[in-house]
2 protein chains.
Amino acid sequence: MSLDHAILGFLRYGPRTGYDLKKVFDVSVRHFWPAQQSQIYQSLTNLTDHGHIECEVIAQTDRPNRKLFHITNSGRDELQRWLVAPIAEKPVRAQFLIQIFFAGCLTDTEILHLLESKAKEVQRVIERFEHGEIPHPTHAKDLPPREQFFWYLTLDFGIDNAYQSLRWLKQAIARIRNKDYEQGIAGALAERKSS
Amino acid sequence: MSLDHAILGFLRYGPRTGYDLKKVFDVSVRHFWPAQQSQIYQSLTNLTDHGHIECEVIAQTDRPNRKLFHITNSGRDELQRWLVAPIAEKPVRAQFLIQIFFAGCLTDTEILHLLESKAKEVQRVIERFEHGEIPHPTHAKDLPPREQFFWYLTLDFGIDNAYQSLRWLKQAIARIRNKDYEQGIAGALAERKSS
DNA sequence: AAATTCATGTAATAAGTTACATGATTCC
DNA sequence: GGAATCATGTAACTTATTACATGAATTT
């Protein structure tokens, strides 16, 4: 499972508690693999059961004891195995494409409103990306350059992807304003030069 | 729920059985909202319970009776309401970005293999899109041009998105071959002109 | 005085996937 | 003879989300 392997990936850098993991998730992989605190705890239980991690309890008086998880050799092997194996992606699910698909029963005004609000949402995503908080420098700065490179490569993908969506949305808005739908299919497909 | 509303969307064109719906899903919205046969039957039960659809049983002797589902006024209202309301997208989950994120512990050869196999996968997706089987002409050809336009607009998004991924993958492959990772973060972020 | 941080979890629910179950007819 | 089509579902399982539960210490 992806979440389990992402946890193993972070534990490879050193032992962490469930709480630590949640924090680092939120400032690093959140844009392509968000995780709830509760889900992380469940995964940790699962990984322990499989022998991929081990728990070291650190007693505290004023708070619940900290449970520091360490990756085992079995966990390292499992991570390595998973990282090199091409995996079939879970199918994409885009709700707003369902809305567009059935937009035939909406007015131009309604569908434009939908597309414009979507464009604004994507714009906000781009701003957050470019604001430079993910991956958070605190967590990235001590890594060797090659590791940093891969962390930021995923950010680059996110930005690239968001710009593509935004460009497409703007073009769709223009086509609808231009009433290209009168041409049916021909109006919907953009001309694309070969990759 | 999105699946429920997609079903309502199709039932708006006329009554369908669960079996019919599965067939039309597979040649129309599959690339952004795939659905299992079993899931469609569950949704139909759910929609019936909510009064959004009604079931007309058509007796057959050699096979199970056909259950033709009709959309009700309540269902039409619900669809209309849902279609115009901007909805927060479910967060994207991309397993291969987790692999890239932790690719620091792989060799160049291993990571290149991963990216190249991903590129091939995307290439196959593009070929399938451009082969013109989704949305299947049989289902689209009788619709008015404006409806056809929106059906094909979703296809256009899929193609656009796939090309973006492919371009990005090729660039990432080139950067790794070029050992841009020696520059750390600076090597990972592409120059982007404003949208 | 209120919000945030630290630190742990469990339980319930929702959504989607996979496996199981049946069985005649028709096409290759 | 075997695969595909037609036609229905149920049950188990996995994954992720939301809600619930506790509670001291510190910051605003």
Side-chain angles (χ1 to χ4, degrees), chain A residues 1-7 15-27 29-50 53 55-69 87-95 98 136 138, chain B residues 1-7 15-27 29-30 32-50 53 55-69 82 87-95 98 136 138:
Chain A
M1 212 233 304
S2 301
L3 177 60
D4 289 14
H5 293 95
I7 290 175
R16 304 269 189 277
T17 66
Y19 190 82
D20 295 336
L21 285 165
K22 169 62 175 164
K23 278 195 301 177
V24 73
F25 260 76
D26 282 350
V27 293
V29 298
R30 192 185 55 188
H31 61 288
F32 55 86
W33 209 274
Q36 242 59 46
Q37 183 74 72
S38 63
Q39 211 189 340
I40 289 172
Y41 284 124
Q42 282 164 25
S43 264
L44 286 170
T45 304
N46 184 48
L47 284 164
T48 306
D49 291 349
H50 284 80
I53 59 175
C55 174
E56 171 195 1
V57 180
I58 298 187
Q60 297 193 128
T61 49
D62 53 338
R63 299 179 182 163
N65 291 339
R66 299 179 74 220
K67 297 173 77 174
L68 258 185
F69 291 93
I87 24 176
E89 211 62 49
K90 286 278 152 72
V92 186
R93 285 170 197 278
Q95 299 181 306
I98 302 183
H136 197 89
T138 316
Chain B
M1 215 236 303
S2 301
L3 178 60
D4 290 14
H5 293 95
I7 290 175
R16 304 268 188 278
T17 66
Y19 190 83
D20 294 337
L21 285 166
K22 171 60 174 161
K23 278 194 301 178
V24 75
F25 260 74
D26 283 349
V27 293
V29 298
R30 192 184 54 187
F32 54 88
W33 210 276
Q36 242 57 47
Q37 183 74 71
S38 63
Q39 212 188 339
I40 289 172
Y41 284 125
Q42 282 163 28
S43 263
L44 287 170
T45 305
N46 184 48
L47 284 164
T48 307
D49 291 347
H50 284 79
I53 60 175
C55 174
E56 172 196 1
V57 180
I58 298 186
Q60 297 192 128
T61 48
D62 53 340
R63 298 180 184 166
N65 291 338
R66 299 180 74 219
K67 296 173 77 173
L68 258 185
F69 290 93
W82 186 83
I87 23 175
E89 211 63 48
K90 285 278 152 74
V92 186
R93 285 172 198 276
Q95 299 181 305
I98 303 184
H136 197 88
T138 317

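Chain naming here is simple, since letters A, B, ... match the order of the sequence lines and numbering starts at 1 in each. All values below come from the heavy atoms of this structure, side chains included, with hydrogens, waters and symmetry mates left out.
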* Whole-Å distance between D/dA12 P and B/Q36 CD? -> 19 Å

* Asked: Which comes earlier along DNA chain C counting from the 5' end, the contact point of A/R63 or that of A/R93, where each point is its nearest nucleotide?
  -> A/R63

* Mind calculating the distance between CG (B/D62) and P (C/dT22) to the nearest angstrom? => 19 Å

* **Separation of atom CD1 in A/I58 from atom C1' in C/dA7, rounded to whole Å** => 13 Å

* Atom CG of B/N46 and atom C1' of C/dT13: how far apart are they, to the nearest Å? -> 13 Å

* Asked: Considering only C/dA7, C/dT17, C/dT10, which nucleotide approaches the side chain of A/P64 most closely?
  -> C/dA7

* To do: Considering just the side-chain nitrogens and oxygens of A/K67, establish if one lies under 4.0 Å of OP1 or OP2 belonging to C/dG9.
  => yes

* For the pair made of CG in B/L21 and P in D/dA7, what is the distance, rounded to whole Å? -> 13 Å

* Using only side-chain N and O atoms of B/Y19, determine if any of them is under 4.0 Å from OP1 or OP2 of D/dC6. => yes

* To do: Round to the nearest Å and state the distance from A/Q37 atom CD to C/dT5 atom C1'.
  => 12 Å

* To do: With side-chain contact (heavy atoms from CB on, under 4.5 Å) as the test, would you mind laying out the steps for B/L21 and B/L44 before giving the verdict?
  => CA-CA 10 Å; B/L21 285 166; B/L44 287 170; 3.9 Å; yes

* Asked: Are side-chain heavy atoms of B/Q42 and B/N46 found at a separation under 4.5 Å?
  -> no

* Report yes if a donor N or O on one partner sits less than 3.5 Å from an acceptor N or O on the other, where the partners are the side chain of B/T17 and the base of D/dT8; otherwise report no. => no

* Side chain A/K22, main chain A/S38, donor-acceptor under 3.5 Å -> no

* Give a yes/no answer on whether the side chain of B/Q60 brings an N or O atom under 4.0 Å of OP1 or OP2 in D/dA7. => yes

* Using atom CZ of A/F25 as one end and atom C1' of D/dA16 as the other, report the distance to the nearest whole Å. => 13 Å

* **Any B/Q39 side-chain N or O less than 4.0 Å from OP1/OP2 of C/dG16** => yes

* Asked: For A/P34, does its backbone N or O pair with a side-chain atom of B/R93 as donor and acceptor, under 3.5 Å?
  -> yes

* Heavy-atom closest contact (A/A59 atom, A/N65 atom, distance) -> CA-OD1, 3.3 Å

* To do: Name the nucleic acid region contacted by A/K23, choosing base, sugar-phosphate or nothing; use a 4.0 angstrom heavy-atom cut-off, strictly under.
  => sugar-phosphate

* **Position toward the 5' end of DNA chain D (nearest nucleotide), B/R66 or B/P91** => B/R66

* Among C/dA19, D/dT15, C/dA15, find the nucleotide with the atom closest to the side chain of B/M1. => C/dA15

* Asked: Expressed in angstrom and rounded to an integer, what is the separation of A/L44 atom CG from C/dT8 atom C1'?
  -> 12 Å

* To do: Scan B/Q42 against the nucleic acid and name what it touches under 4.0 Å (heavy atoms): base, sugar-phosphate only, or nothing.
  => base

